[in-house]
Amino acid sequence: MIKADVAVVGLGAFGAATLYQLARAGVKAVGIDRFAPPHDQGSSHGDTRITRAGVGEGEAYVPFALRSHQIWRELEAESGEQLYLDCGLLIVDGAEEAEFHGKSGIGKCSVLAARNAGVEHSVLTPAEAMRAFSQFRLQGHELVYFEPGGGLVFPERCIAAQLKAAQRLGAQIVTDDAVARIEPGRHGVKVQTSSGLEVNAESAVICAGAWNPGLVGAPLAPMRLLRQTLHWFEPEDWSLYAPGRCPSFIWTHGAEPEASFYGFPAIAGMERRGVKIATEQYTAAIDSPEAIERHVDPSETAALFAAHVAGRMMGLKPGALHAAACVYTMAPDGDFVIDRHPQIERITLVSACSGHGFKHSAGAGEFIARLTLGEIVEPVAEFRLARPALQSG
Ligand SMILES: Cc1cc2nc3c(=O)[nH]c(=O)nc-3n(C[C@H](O)[C@H](O)[C@H](O)COP(=O)(O)OP(=O)(O)OC[C@H]3O[C@@H](n4cnc5c(N)ncnc54)[C@H](O)[C@@H]3O)c2cc1C
């Protein structure tokens with residue numbers, strides 16, 4: 001039996017960040033994960049995640065992204081490892097109505113969010129964009145947003161760094177043990193794992209990602225699990241796609257659903273070499289994270305290349321060097337849930353994916369820790385459970 005102030009269930013992007021912030025606050029915290037994070041079974045693997053502070057998905061996210069950038073830098077100074085690469089972020093918005101992360105108007109909304117928050121950015125003409133980044137072929141009508149401080153983070157390294165720092169500050173970590181039940185206990189919350197471990201804590205945070213709907217039930221039932229695929233392509237000229245010459249990018253190009261893709265420069269020294277490119281799909285949901293097809297068929301790579309890359313990105317060879325599958329936990333409105341459990345006040349629920357969570361995770365972890373400790377009383381309105389989009393039936 002373990003006694004703690006706070007139990008954190010799930011130690012992926014958000015759980016690791018929350019545990020770290022609880023430990024920083026001097027709280028006795030225990031984190032539990034069904035695997036040994038960082039791992040490749042949830043939503044936080046695949047080497048890179050886009051980051052940007054002019055967050056077109058909603059201005060409520062901006063403080064999380066900005067604070068995350070600060071935290072990654074602090075952790076880099078501590079650990080000596082690179083977590084955040086500000087290689088720039090380009091958004092080519094060729095179709096305002098295209099859906100990206102469940103929202104439309106990503107270009108226009110990013111400009112607005114950056115302007116309102118004072119985030120350094122520029123709006124380029126398509127010709128200027130192609131002069132700056134000759135690997136991209138635009139048509140001429142697109143809205144182009146460039147954020148020089150955007151770029152990418154290394155998700156596995158970020159998780160590992162925060163877990164290590166949390167442990168160093170006294171947090172206890174239990175791995176390879178799945179939480180089976182969480183219920184009100186005599187002094188707060190009782191957490192039971194499948195191995196029989198019992199954790200009694202004053203409060204708990206549930207950050208189980210794609211396992212959240214199965215673990216939490218009704219409050220998170222509207223979340224859908226969507227398999228997504230990642231593909232690493234070989235450039236003919238590696239230097240053209242190196243950071244410095246190539247930014248991270250998001251590109252929407254059509255009115256039809258899912259007419260968008262995004263990608264990253266080729267990072268030297270990664271085990272998986274290449275220019276990572278991915279799309280999103282919102283139609284084929286799976287019932288559980290275990291149901292995900294991990295194998296990515298070459299026909300999936302070929303379809304992505306033909307639909308998105310060909311004619312838009314220069315000098316990439318069509319076959320993938322590597323490919324991987326990963327899961328989105330998608331809210332109907334594309335927004336997060338960071339809120340107290342509707343029936344058990346001492347439990348904080350976190351479902352923060354919808355395809356765009358990682359960049360916010362370090363800053364959000366600080367918010368979640370403070371919300372759980374009662375230092376912040378009001379959850380962010382946009383992330384509440386009691387919003388119309390989550391009220392099914
Ligand atoms: C393909 C893909 C591309 C993405 N691209 C971007 C991007 O470019 N930029 C960006 O900002 N975001 C991006 N995201 C979103 C971002 O990665 C997610 O928002 C984030 O990783 C979600 O973190 P999480 O902590 O909710 O889930 P996870 O990191 O999956 O963590 C959940 C953890 O809970 C554990 N767990 C589950 N059940 C239990 C249990 N019963 N007991 C104990 N532990 C349990 C799991 O083992 C896991 O470690 C992308 C996501 C995907 C899938």
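Note that the coordinates shown come from a computational prediction; the quantities given were computed from them, not determined experimentally. One-based numbering, in listed order, for ligands and for the atoms of each.
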Where do T348 and H341 land on the side-chain hydrogen bond (donor to acceptor under 3.5 Å, both in side chains) test, with the steps shown first?
CA-CA 6 Å; T348 305; H341 191 292; over 6 Å; no
Before accepting this row, confirm whether a basic side-chain N of the pair K103/D335 lies closer than 4.0 Å to the acidic partner's carboxylate O.
yes
How does A180 reach ligand 1, if at all, at less than 4.0 Å between non-hydrogen atoms: by side chain, backbone, both, or neither?
neither
Which residues pass the salt bridge (Lys or Arg N to Asp or Glu O under 4.0 Å) test with R346, sequence neighbours left out?
none
Near V327 (heavy-atom distance under 4.0 Å), the atoms of ligand 1 are 53 (C)
Region of H356 engaging ligand 1 - heavy atom pairs below 4.0 Å
backbone
R245 vs S239, side-chain hydrogen bond (donor to acceptor under 3.5 Å, both in side chains): CA-CA, chis, key distance, verdict:
CA-CA 8 Å; R245 288 187 71 187; S239 70; 3.2 Å; yes
Under 4.0 Å between a Lys/Arg side-chain N and an Asp/Glu carboxylate O for R227 and E293?
no
Contact (N/O only, under 3.5 Å) between R34 and ligand 1
yes
To which of G42, C207, A178, G10 does the heavy atom nearest atom 32 (C) of ligand 1 belong?
C207
Just to check, does H360 reach to within less than 4.0 Å of ligand 1 when the distance is taken from its heavy atoms?
no
Atoms of ligand 1 close to G209 [distance to a heavy atom under 4.0 angstrom, numbered from 1]
26 (O), 27 (O), 32 (C)
Does the residue G46 have a heavy-atom contact with ligand 1, meaning some pair of atoms that are separated by less than 4.0 Å?
no
Any atom of ligand 1 sitting under 4.0 Å from a heavy atom of Q41?
no
Taking only heavy atoms of A352, which atoms of ligand 1 are found under 4.0 Å from at least one of them?
19 (O), 22 (C)
Is it true that D333 and R387 have a side-chain N and a carboxylate O under 4.0 angstrom from each other?
yes
Atoms of ligand 1 close to H39 [distance to a heavy atom under 4.0 angstrom, numbered from 1]
46 (C), 47 (O), 48 (C), 49 (O)
Do E378 and R384 meet the salt-bridge criterion of a basic N to acidic O distance under 4.0 Å?
yes
